Amino acid sequence: MFINSGDMIYQFFIMIVLVGIFYAVYYVVRARAAKQPSKSGNMEQKLDRIIELLEKDKKE
């Protein structure tokens with residue numbers, strides 16, 4: 001019935017490790033999601049530049 005203090009410390013440590021793993025996964029996913037819009041914005045700028053060059057070629 002009674003839990004040894006060593007068992008309690010072990011369970012507490014394992015709980016901290018599990019919470020840390022979930023936090024790390026959450027942080028990595030959030031960081032990757034935050035970086036993607038800048039890539040799409042960069043892609044839009046490149047596409048705009050290509051369109052400008054194609055229109056310039058058509059005029060000449």
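Along the sequence shown, the residues carry numbers beginning at 1. Just so it is clear, the model here is predicted, and its values are computed rather than measured.
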Visitor: Would I14 end up clustered with I21 when hydrophobic side chains under 4.5 Å apart are linked, directly or stepwise?
Guide: yes
Visitor: Supply the atom-to-atom distance D57 CG to E52 CD, rounded to the nearest 0.5 angstrom.
Guide: 12.0 Å
Visitor: With rounding to the nearest 0.5 Å, note down the distance linking CG in L54 to CG in L47.
Guide: 10.5 Å
Visitor: Check the pair L53 / R49 against side-chain contact (heavy atoms from CB on, under 4.5 Å), numbers first and verdict last.
Guide: CA-CA 6 Å; L53 292 173; R49 178 72 176 140; 3.9 Å; yes
Visitor: Should L18 and F13 be counted in the same cluster of Ile, Leu, Val, Met, Phe, Trp and Tyr side chains packed under 4.5 Å apart?
Guide: yes
Visitor: Over 60° means perpendicular and under 30° means parallel, so tell me whether Y26 and Y23 are parallel, tilted or perpendicular.
Guide: tilted
Visitor: Establish whether V19 and Y10 are linked, either directly or via other cluster members, by ILVMFWY side-chain heavy-atom contacts under 4.5 Å.
Guide: no
